[in-house]
Structures are given as structure tokens and as C-alpha cells.
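Start at 1 and go down the list; that is how both ligands and their atoms are numbered.
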Amino acid sequence: MDDKKKQATVLRKELENHNHQYYVLDNPVVSDYEFDSLYQKLLQLELDNPSLVDKYSPTQRVGAEPLAAFSSVDHLSPMLSLGNVFNSEQFADFYKRAKQTINASNIDFFGEPKLDGLAISLVYEDGNLVRAVTRGNGKKGEDVTHNARTIKSIPLTLTALSPPSLLEVRGEIYIEKAQFQALNQRQKAGDKKTFVNSRNAAAGALRQLDPKVAASRPLTICCYGISRIENHASPATQKDSLQLLKSFGFRVSEDTVLLKDEKECVLYFEELAAKRQSLAYDIDGVVFKVNRISDQKLMGAVAKAPRWAVAFKFAAEEARTLVRAIDLQVGRTGVLTPVARLQPVFVGGATVTNATLHNFEEVARKDIRVGDTVIVRRAGDVIPEVVKVLFELRPPDALRYEMPNELPDIALEQLIKKVIHFVSKKALDIDGLGDKLIAQLVKQKYVVGFSDLFHLKKERLLLLERLGSKSADKILSAITSSKRTTFRRLIYGIGIPGVGEETAARLTDAFDSIEKMQSGTIEQFEKIPDIGTVVSQSILDWFSKAENIEELTQLLSAGLVIEKSYDDERIINFVCVITGSFDSMTRSAIAQNLNEIGIRTSNTVSKSVDFLVCGDSPGSKLEKANELGIKVIYQGELIRLLDEKTISKKAIRAFFEGK
Ligand code: IVH
């Protein structure tokens, strides 16, 4: 070997070694500057001596010319995919089958992260990369050697003194999370389209005809199997395979582990699931492989997948599907919720056919139309929902959702009744909202759920028949003051079948909060005096309905303040009229103080008034009160009570009661 050739060989080895340190082991040993100067040296040497140029030189990773077209290549052996399991029961079945086939009481499994990228087959002849092929249909794939060569973590030559004459390696091409974000930032900065996810970006890069484009994308590889090895010792286990791959210079996962039994497998799955977010790369599950290759051979393969391996998938929380229709769903409380009828899709570990659209505003805001392709989300036990519309896929005839002009009659009647009950005196006690008004509000669809009451606007109220500005104001202020309510009133008001005033009182005494009640068990309900199995079941049913929970959520977000029930509810029904002037307080401040403890105030003295709060120069109201025999509280008594900062609301109530 002449000097120059030797020099080139040494430089290549050195550069490949630095590449390996940097891209495979994540452990660079020289600075970028040092690397570049070695690289330039080799480049110059090759330029000066064209006969020295070698296809496997690190300077030749990016070939000069783009391809005219891809060619299709037969795989040396079929590229199989993997069977999936989604829960530990399904995994247990798989494990049992493996034990039966191998006829062993226990089997070692090898656990690996399931990388979410694209499968590739790399073929090495006498230690040199000769071909890289995508999976394609499993039998034939596309020759992407020109692009694979640009991926620095793919060795162009194997590090082995006597490499196998033929080696076929299988692995996954992907882009790490951080690299993907940086890539998208560059796309944005260059006013170019960003990629939806790293898998798409990787797939796009691999399918470029021009290797320069692929070279500019941060692709990497992780190898997970040997499908052919000739003229070399064959590994006996999957673990050995990865060890051998590593010694040849391939990148293999650092998160693999040998698992001794089923329990260890499930634990490994849970561990990786917990670690998922913090990993540098995207994974969509865990792959379990029978560790001994001889056992793998014993188990063989079915049509498209080996029987000796399985993918234990994380439940995908989001999926894409089609909106077939938008319907109105009538809940038992009469709440109407628009729902999307979907083309069935497997997401979050279950098949989803419906997704709640929450309310009409939501449909309008997200602009969800029939015919749209949407992303649906279902995490754990959460109700499926539509995350967003993929507008670019909207067909021209997608129908905008029109709220039906006529709601189904029964639903209307049901809803009207529910709302009447909800605002009734023993429930939220919204004064001035009569049955006829409620019927109008419901029919005009201003109110489709309880919470809509709290979003009513004066302009809307004025559109109702026979409602003037003053009455509208009164109603709105009654609605506002009803926001501060008691647990007992709320539970009575929401209309759980079988839960009347008495039961509501018992229930709210037994539970500290609505959250606790919501998660109450049938045993807990049955323990409450006077509550039997039927009512307990009814309560349980009510809280298990998604639309009811949704209604409660909406109520709370509308600003409903739930206080634990007062010791004596009756006081809440007291109505006071305030008259005259007061030395140290305005009338409205007194009213506010009284309202706070649940005593309502009114302007007119009538039979239904319980107290007159009387200041100086009271006038005709005092006369009227005396006429009707209504009790009177004079300012001295009241102010003393209210001024007394230490005095509790309870004491004030007691005072009113005692009077
Ligand atoms: S083994 C015959 N191991 O998952 C064995 N595949 O759903 C087939 N994948 O096409 C593959 N990580 O692209 C294997 N550690 C891993 C993997 C893995 C990701 C991909 C691969 C395969 C697909 C099957």
C-alpha cells in the first residue's frame, strides 16, 4: 500500500470512529473543529488523488446526483410486523401461548422500546453497506440506500476484523424529539411548512430522491434485530444479537432488558410507560421478544407477524376519524348536548363511535361540520372528545351544524320541567323566573342546560314576550344572588330521580362535598338513614352519566358557589324589607350583609315578607308591616349584630329565628 492510500485509510477509520462516538454513542471525543480539519484533510487527499476515492469513505455519504426514481427491491427475508396487545390480560394470553409452545415453565423475554419511526433493512456484504430498503409491503420495499448513507449513525462499514459475508440488519429510522422541534423551528424560520409529527418528517426525508435533502434532516437509527448472518457465528439470543450489532458499530437501544417472568414484563411495560415523556425519542409501546433464537424458531410466524414477539402498545390517546353526523343528545335532566357520531376508531384502548361536543358554542368555536376529518381524544376513562378539525381535509360539501329549529317535543317538556324545578323556591330559588318565562327560554334555546341561566343577557331577556326592562333587571339580579347557594339546594335542584327535599338534606349531611358525593359508593349511600337501594342506585346512576357531570362542571364554571348547608335551612327562605335611613350603613350594604347569610331582600311589604328592617323615618312600609303583623327589627339591634365582627353568621341567623 502506498503512503497516500495508507494515509487515506487511517483518516477514514479515524473519521468513522468519531462519527460513531458522536452519532451512535452520544459521546464525542473531539471537537467539531478537530473533526472538520480531519475531514478536510481527507477531502483534499481524495481530490488530489481521485483513484483513492472509495464509496465507503465518510466524504461520500451524500452522493452527487439525485435519483430519477426509486427502484423496488426484494427483501432477503420478509419484513414482518408485530401482533399487538393493549392490556395485561391480552399480554397474559400471549405469554401463556409462548409457554405452551415452548413447553417450558418459564421463558426469558427480551424487552425493548417500540420506537415510533419507520422500519428499514440494511444489507452489508463483506462488511460494507450495499443496500437500505424500506419495509414496503413486507416482501418488496423501496431502495433508499442513497438516503440511508447520509445517516451518520448508520455505519458504512462494519467494525469487525472478519465481518460476516452477508449481514441483514433491521432497525427503525426516526428523528429524536428535540431534533424534531429544532427542525420545525427551522422550517418556520424559513417560511416552510412545519411537520405534523416526527414520524412524517422521517418518512418524508427517507423518500427523497435527492440525498442532500435527506442529509439535511436529523435522521437517526436504532437497530433491533439481525435477520440474516452468513459466515459468522450466529447469536444465540436476542440479547446477544444486540450486543453483536453494537460491536459492529450499530446503534442499539440502551433501554432494553432481559425479563425473567411475566411479572417482570408487565413491570417493564409500566416503567417505560412512566418514562415515556422523558425519553429522547417517541415510543408507542414496548416490544417483547422470546430471548432464545432457537425458541423463536420453534414458535415460528403466522401470516404477517412472528409468534415469538408482541408489541404491548400504549393506548393511543388521539386518533383521526370522520364525523358522520351531529346529533342532539337529551340527558335525563333534560340537558341537550350535541354529539358527534363518528366513524368507529380505536383510541385510548377502546373503539369510539361518539364524542361529546359539550355545547353549541363549542361546535361553533371549533367549527365542526358533518363530513369533517377530526382528531378525537380519549385518555383513560375520560369521555371521548373532538380535539380539532383537520380543515385541510374538509370536503367542499361539509355541512355546517344548524341547531334544529324544533327540539323534540318531549325533550322540550322534560327540559322545561327540569328548569322549573331547578329555580324553584326550595332549590336555587330564582325569584321572578316564572314557568311561562322558562318555557319561552327553553323553546328559544336560550336555555338548554341549567348553567345557561347564568349566562343570560339582558338583551336576550328583552326579546321574550311581555318582559320589560325592570323585570329583566330583577330576574338577572335574582339569578346572580342565586349563584351563592347551599349544597342541599343544589342536590335537590338538579333533580336526581327519587331525591326530594328530605333526601337531599340527608345526602348533603352525609357528604362533605359534591366531589365526595360523586365518588360515593352504593354502600355509602345505603348507609344513610331513609335511603334505600333504589334511591342509592338512582344517585349512583345520575353521577355516572357524563352529561350530568358535564352539567355540574358547567354550573361551577358559571360561578356557582356551593356552601355546606346551613344548620337550619328555613332561615334561607326569610325575606326582609329594609326601610328608612340608617346611621352607619347604607341600605344596600345592609341588604348585602343579609343576602350573604341567605336572607333575601325585597322592596315591597307583602304577606310573604318575614321581617321589616326599620331605620329612621320609615314611612308607609312600617305601617303596612304593622297592618300585616310582620315582625320589625330596629336599626340599633341590627347594626349591633352586623357591626360585631366576631359574631358569626350563625348567630345572626339565630337572632332572626328567635325574634
Ligand atoms: S421487531 C419480526 N423491535 O414496529 C419482528 N420492531 O409494528 C418485527 N418497531 O415494523 C419487528 N421498535 O418498524 C421490532 N424494538 C423493536 C421495534 C420495532 C419499533 C417497529 C418496526 C416494525 C413495527 C411493527
Go through the steps to decide whether Glu172 and Arg251 satisfy the test salt bridge (Lys or Arg N to Asp or Glu O under 4.0 Å), and finish with yes or no.
CA-CA 10 Å; Glu172 198 83 349; Arg251 182 150 130 155; over 6 Å; no
Do Lys13 and Glu16 sit within salt-bridge range, that is, some charged N less than 4.0 Å from a carboxylate O?
no
Could you state the interatomic distance from CD1 (Ile283) to OH (Tyr174), rounded to the nearest 0.5 Å?
11.0 Å
Taking the six-membered ring for Trp, are Phe94 and Phe91 parallel (under 30°), tilted (30 to 60°) or perpendicular (over 60°)?
tilted
Just the distances, no angles: every ligand 1 N or O to protein N or O pair closer than 3.5 Å, one line each.
residue	atom	partner	partner atom	Å
ligand 1	3 (N)	Lys289	NZ	3.0
ligand 1	4 (O)	Lys114	NZ	3.0
ligand 1	7 (O)	Lys114	NZ	3.3
ligand 1	12 (N)	Leu115	N	3.1
ligand 1	13 (O)	Glu172	OE1	2.5
ligand 1	13 (O)	Glu172	OE2	3.3
ligand 1	13 (O)	Tyr224	OH	3.3
ligand 1	15 (N)	Glu112	OE1	2.7
ligand 1	15 (N)	Pro113	O	3.3

If only side-chain N and O atoms count, and only distance matters, is there a donor-acceptor pair under 3.5 Å linking Asp255 with Tyr281?
yes
Flag, side chain of Tyr124 to backbone of Pro155, donor-acceptor distance under 3.5 Å:
yes
